[in-house]
Structure formats: C-alpha cells, structure tokens
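Structure, as structure tokens:
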Amino acid sequence: QVQLVESGGGLVQPGGSLRLSCVASGTDFSRYDMGWYRQAPGKQRELVATITRGSSTNYADSVKGRFTISRNFVKNTVYLQMSSLEPEDTAVYYCKASQIGYSYWGQGTQVTVSS
C-alpha cells in the first residue's frame, strides 16, 4: 500500500511562490510515475504536471514556464515549485503515484492565491 502525504500549501499573494512536497512511503518510489493534479471549487480535477520514473516531465499549458516538477529518489519525495502564482491557481493540489494498473492519491493541500 502506497501512502502519499502532501505539504507546503498555504495563502500567497499574486506573483508569489510556493513549493509543494509529496512524500511517498510503503513502496519502492522509483517504480512509480508521479504527478500533481489540482481541483478548484466547482471544477473537475485537472493535471498540472507529471514526472516519470526516468524523470521526464510534462506540464499543463496553463503552468508551463511557471511551475517545475522534480523528484528526489533518496528522499522518496516529489516537488512542485510554483512561481508567478495567479488567482486562477487557487485549488486543492493532489499528488498521484501511478504504475500500470495502479494509482494512489494523497489527501491534498490547499493553495490559495489572493491579495
């Protein structure tokens, strides 16, 4: 069983930065592709960024150039560095671990961008 625990969310002003972390336990972290997703009130959950086992990355068009996903195999952690934050980035951010036939989600961390 995979456990994912996100942290790093909070309230930030427009133009500010935050770094989210997701620590994985209970599994071989290196076997999973990892991703960050978000869900704003009244909207469907959407992909933000993914990083494969080989550290290839993919981003939603809305965050390209502003967000960076990375992973640390020693710390079993995936990060999402968010810069130039906009009010439209306000959402609950979820971490996901994926393997063929399996996926696991964290509990989410709230990010609010407001002045």
Side-chain angles (χ1 to χ4, degrees):
Q1 185 71 20
V2 178
Q3 291 84 43
L4 302 172
V5 179
E6 301 101 332
S7 62
L11 173 64
V12 63
Q13 292 187 342
S17 299
L18 281 175
R19 188 177 80 158
L20 306 182
S21 300
C22 172
V23 180
S25 61
T27 188
D28 182 355
F29 179 68
S30 66
R31 296 171 57 188
Y32 288 82
D33 297 329
M34 302 298 295
W36 286 97
Y37 293 71
R38 66 187 181 187
Q39 188 167 18
K43 295 187 177 180
Q44 291 189 333
R45 192 172 298 187
E46 62 177 3
L47 180 147
V48 176
T50 61
I51 186 166
T52 68
R53 288 166 289 174
S55 296
S56 296
T57 59
N58 181 58
Y59 296 92
D61 288 343
S62 59
V63 306
K64 281 181 181 176
R66 301 189 297 122
F67 291 10
T68 302
I69 189 171
S70 61
R71 65 192 297 170
N72 184 314
F73 289 96
V74 174
K75 294 184 178 181
N76 284 3
T77 302
V78 61
Y79 303 98
L80 185 68
Q81 178 67 49
M82 305 185 293
S83 302
S84 301
L85 283 161
E86 304 167 352
E88 293 73 22
D89 296 315
T90 295
V92 177
Y93 283 70
Y94 296 91
C95 175
K96 180 182 179 182
S98 301
Q99 190 181 51
I100 294 176
Y102 300 90
S103 62
Y104 302 92
W105 293 90
Q107 82 289 348
T109 185
Q110 176 71 46
V111 172
T112 302
V113 184
S114 176
S115 55

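The structure displayed is predicted, hence computed values, not measured ones.
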- [ ] Show your working on side chain to side chain contact (heavy atoms under 4.5 Å, CB included) between Met34 and Leu4 and close with a plain yes or no.
- [x] CA-CA 11 Å; Met34 302 298 295; Leu4 302 172; 4.1 Å; yes
TODO: Group every Ile, Leu, Val, Met, Phe, Trp and Tyr by side-chain heavy-atom contacts under 4.5 Å, then state whether Val111 and Val63 land in the same group.
DONE: yes
TODO: Would you list the pairs meeting salt bridge (Lys or Arg N to Asp or Glu O under 4.0 Å) in which at least one residue belongs to residues 9-33, sequence neighbours left out?
DONE: Asp33-Arg53
- [ ] Hydrophobic side-chain clustering at under 4.5 Å (ILVMFWY, transitive links): who's grouped with Tyr37? Put none if nobody.
- [x] Leu47, Val92, Tyr94, Trp105
Open item on the list: Strictly distance-based, threshold 3.5 Å: is any side-chain N or O of Glu6 a donor or acceptor partner for the main-chain N or O of Gln107?
Closed with: yes
Task: Hydrophobic cluster partners of Val5 (side-chain heavy atoms under 4.5 Å) - done: none
Open item on the list: I need the minimum non-hydrogen distance between Ala49 and Tyr59, along with the two atoms involved.
Closed with: CB-CD2, 3.6 Å
Task: Neighbour count >12 (heavy atoms, 6.0 Å) for atom OH, Tyr102 - done: no
- [ ] For Ser84 and Ser17, work out which heavy atoms get closest and say how close.
- [x] N-OG, 4.4 Å
TODO: Determine yes or no for a side-chain-to-main-chain donor-acceptor pair under 3.5 angstrom, with Arg71 supplying the side chain and Thr52 the backbone.
DONE: yes
Task: Verify same cluster id: Leu18, Leu80 (apolar side-chain graph, 4.5 Å) - done: yes
- [ ] Give the minimum heavy-atom separation between Ser103 and Ser98, together with the two atoms involved.
- [x] CB-OG, 4.2 Å
Task: Linked hydrophobic residues, Leu11 as query - side chain contacts closer than 4.5 Å - done: none
Open item on the list: Test of understanding: clusters of I, L, V, M, F, W, Y form through side-chain heavy atoms closer than 4.5 Å, transitively. Do Val48 and Ile51 belong to the same one?
Closed with: yes
TODO: Report the distance from atom CD of Gln81 to atom CD1 of Ile69, rounding to the nearest 0.5 Å.
DONE: 12.0 Å
- [ ] If a pair satisfies salt bridge (Lys or Arg N to Asp or Glu O under 4.0 Å) and one of its residues is in residues 87-105, list it, with sequence neighbours excluded.
- [x] Arg38-Asp89, Arg66-Asp89
Task: Any donor-acceptor N/O pair, Thr90 side chain to Val113 backbone, under 3.5 Å - done: yes
TODO: Measure across Cys95 and Val78 and return the closest heavy-atom pair with its distance rounded to 0.1 Å.
DONE: SG-CG1, 3.8 Å
- [ ] On the 0 to 90° scale, with breaks at 30° and 60°, tag the Tyr93-Phe67 ring pair as parallel, tilted or perpendicular.
- [x] tilted
Task: Separation between OG1 of Thr68 and CE of Met82, rounded to the nearest 0.5 Å - done: 11.0 Å
Open item on the list: Rounded to the nearest 0.5 Å, what separates atom OG1 in Thr77 from atom CZ in Phe29?
Closed with: 6.5 Å
- [ ] Sequence neighbours left out, what passes side chain to side chain contact (heavy atoms under 4.5 Å, CB included) with Lys43? Give chain and number order.
- [x] Ala40
Task: Rounded distance [0.5 Å steps], CG in Asn76 versus OH in Tyr32 - done: 11.5 Å
